[in-house]
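Okay, so here's the structure we're looking at.
Atoms within each ligand, like the ligands themselves, are counted from 1 in listed order. Nothing here was measured: the structure is a model prediction, and the numbers come from that model. All values below come from the heavy atoms of this structure, side chains included, with hydrogens, waters and symmetry mates left out.
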Amino acid sequence: MLDALPRLPDDPILGLAAACRADPNPLKVDLTVGIYMDEDGVCPVFDAVRRAQDALVAEEISKAYLPPAGVADFNEGMQRLVLGADSAALADGRVSSIQAPGGCGALRIGAEIAHAAAPGARVWVSDPTWPVHIPLLGSVGLQFETYRYYEPATHGVNFDGMIEDLKAAGSGDLVLLHGCCHNPCGADLSQEQWGVIADMAEAQGFVPFIDIAYQGLGDGLEEDAAGLRQLAGRVPEMIIAASCSKNMGLYRERTGCTIFLCADADGAAAVLSQAKVAARRVYSMPPAHGALLAGRVLADAQLTELWQAELGQMCERINGLRSNLVEKLQGATGRDFEFIRKEKGMFSFLGLSKEQVERLRAEHSVYMLGSSRINVAGVNASNIDYLANAIATVL
Ligand code: LMR
């Protein structure tokens, strides 16, 4: 039976990271997977997380299953973090959430719920979007439509095109939006533009489905959630997939959460009951370690303060790297890379052709996605000149 299965190509992101790891060139530059790396090229453990972990290890007396919705401190902390402590929806009790295995697990549970409510519903996705969105949501049975988003000529959002396309989204549809730090392009909506999307959601009745995996890595925790919060203040229903992979460095601990905004408290309870059944069907119950750590960080004022300071430094460093990269690339190539400074979060499209990307890999051991998406957080003082010169060579 199993011998009928053909071998599939490697994942376009993880396969490249593996190829980079196997490259013996000491000068290699890994700009593939979206993980934060410090000046030494290490993806660090936050001090706040380490302290929470030390306390947990000292106190933990059991590894029994978590309850189906996961760690209560984590769920409550995530609702406040994403929606804001002063959220009217939270005060009205019309929010529920379930812990999930990472941002992917959170998206999957969101998709399961959407499909249960409206089988085969259409999800409008940005062009481009994170490639994993398609198999992740599509394998549940949801259908896709695409809206224009990134405009290579301007390196920004084609908002007129986006609005034009989303005019066709209606009641019974979902619109998948990147809460901040768009993956893969780094081009985000302005607050005014979020307001227009909220007008359209209200008037047309589509349900926003927000993927927020990089909160705190664009402009800051509050700023990065402002667009999503505008929507939450206006629409009756919304699904949010949030992740602590990047903003708490809990990547491998698979720490995420699906948050549901419903018309009222009864609706929120009903959706949570559905989410628990969906989780039981797919993976039973969530992993404990990451959510126990994140729950502690979010519930403890001192740890929260330490974490926010660390995250703030990370965000500042990424924005500093963006500026340095603009200067180095402009110096090495004589071309305009100013757009990199305006983008948010870890990613940027450099605007290189597939052939140029391939040459960078083959001739210089510089690894980025075929679309020329780079992880800005993989740049550091010791590789930036090599990188800029390599790019100049292929241009
Ligand atoms: C990325 O886009 O590189 C990250 O979100 C990691 C992943 O799972 O693809």
Side-chain angles (χ1 to χ4, degrees), residues 8-21 28-38 41-44 82 100-111 125-139 149-150 176-188 209-218 224 240-258 283 286-287 290 294 311 314-315 318 321-322 340 343-350 352 357 360-361 366-379:
L8 296 177
D10 288 337
D11 177 87
I13 299 177
L14 306 181
L16 273 172
C20 183
R21 273 196 301 276
K28 67 187 174 185
V29 182
D30 184 357
L31 307 177
T32 58
V33 186
I35 57 173
Y36 177 85
M37 284 177 274
D38 64 16
V42 173
C43 177
V82 173
C104 283
L107 285 163
R108 176 73 190 210
I109 292 297
V125 295
S126 59
D127 177 21
T129 195
W130 183 47
V132 187
H133 279 146
I134 307 303
L136 197 52
L137 308 182
S139 57
Y149 189 80
Y150 183 69
L176 185 68
L177 297 155
H178 297 229
C180 61
C181 309
H182 189 280
N183 182 4
C185 68
D188 279 354
F209 189 173
I210 315 283
D211 181 358
I212 184 154
Y214 295 85
Q215 187 183 353
L217 290 159
D224 291 351
I240 303 165
S243 165
C244 295
S245 292
K246 329 279 170 170
N247 62 12
M248 280 202 202
L250 287 169
Y251 306 87
R252 67 168 71 154
E253 305 296 356
R254 311 313 296 136
T255 310
C257 170
T258 317
Y283 53 77
L311 180 61
M314 218 173 237
C315 178
I318 292 177
L321 285 172
R322 285 187 174 278
I340 295 178
E343 295 160 345
K344 304 290 174 199
M346 287 192 186
F347 304 118
S348 179
F349 272 144
L350 288 186
L352 307 181
V357 169
L360 279 169
R361 193 154 56 231
V366 170
Y367 290 77
M368 63 185 68
L369 303 197
S371 58
S372 83
R373 184 196 85 169
I374 59 164
N375 171 16
V376 177
V379 177

- Message: I'd like to check Gln215 versus Ser243 (side-chain heavy atoms, cut-off strictly below 4.5 Å). Are they in contact?
- Response: no
State whether the side chain of [X] and the backbone N or O of [Y] hold a donor-acceptor pair below 3.5 Å, judged by distance alone.
X: Arg322; Y: Gly345; value: yes
X: Thr258; Y: Ala106; value: yes
X: Asn375; Y: Ile35; value: yes
X: Asp127; Y: Tyr149; value: no

Just to be sure I read this right, does ligand 1 sit under 4.0 Å from the backbone of [X], its side chain, both, or neither, counting only heavy atoms?
X: Val132; value: neither
X: Tyr214; value: side chain
X: Arg373; value: side chain
X: Val33; value: both

- Query: Hey, which atoms in ligand 1 end up nearer than 4.0 Å to a heavy atom of Asn183?
  - Reply: 1 (C), 2 (O), 5 (O)
- Item | Atoms in ligand 1 with a heavy atom of Gly34 nearer than 4.0 Å | 1 (C), 3 (O), 4 (C)
- Message: Is the ring pair Trp130/His133 parallel, tilted or perpendicular, if the boundaries are 30 and 60 degrees?
- Response: perpendicular
- Query: Within 45 degrees of the axis of the six-membered ring of Phe349 and under 6.0 Å from its centre: does Arg373 put its NZ or CZ there?
  - Reply: no
- Looking only at protein heavy atoms, identify the closest one to atom 7 (C) of ligand 1 and say how far it is in Å. Trp130 CZ2, 3.6 Å
- Could you tell me the residue and atom name of the protein heavy atom closest to atom 4 (C) of ligand 1, and the distance to it rounded to 0.1 Å? Lys246 NZ, 3.3 Å
- Message: Is there a polar contact between ligand 1 and Phe347, counting only N or O atoms under 3.5 Å apart?
- Response: no
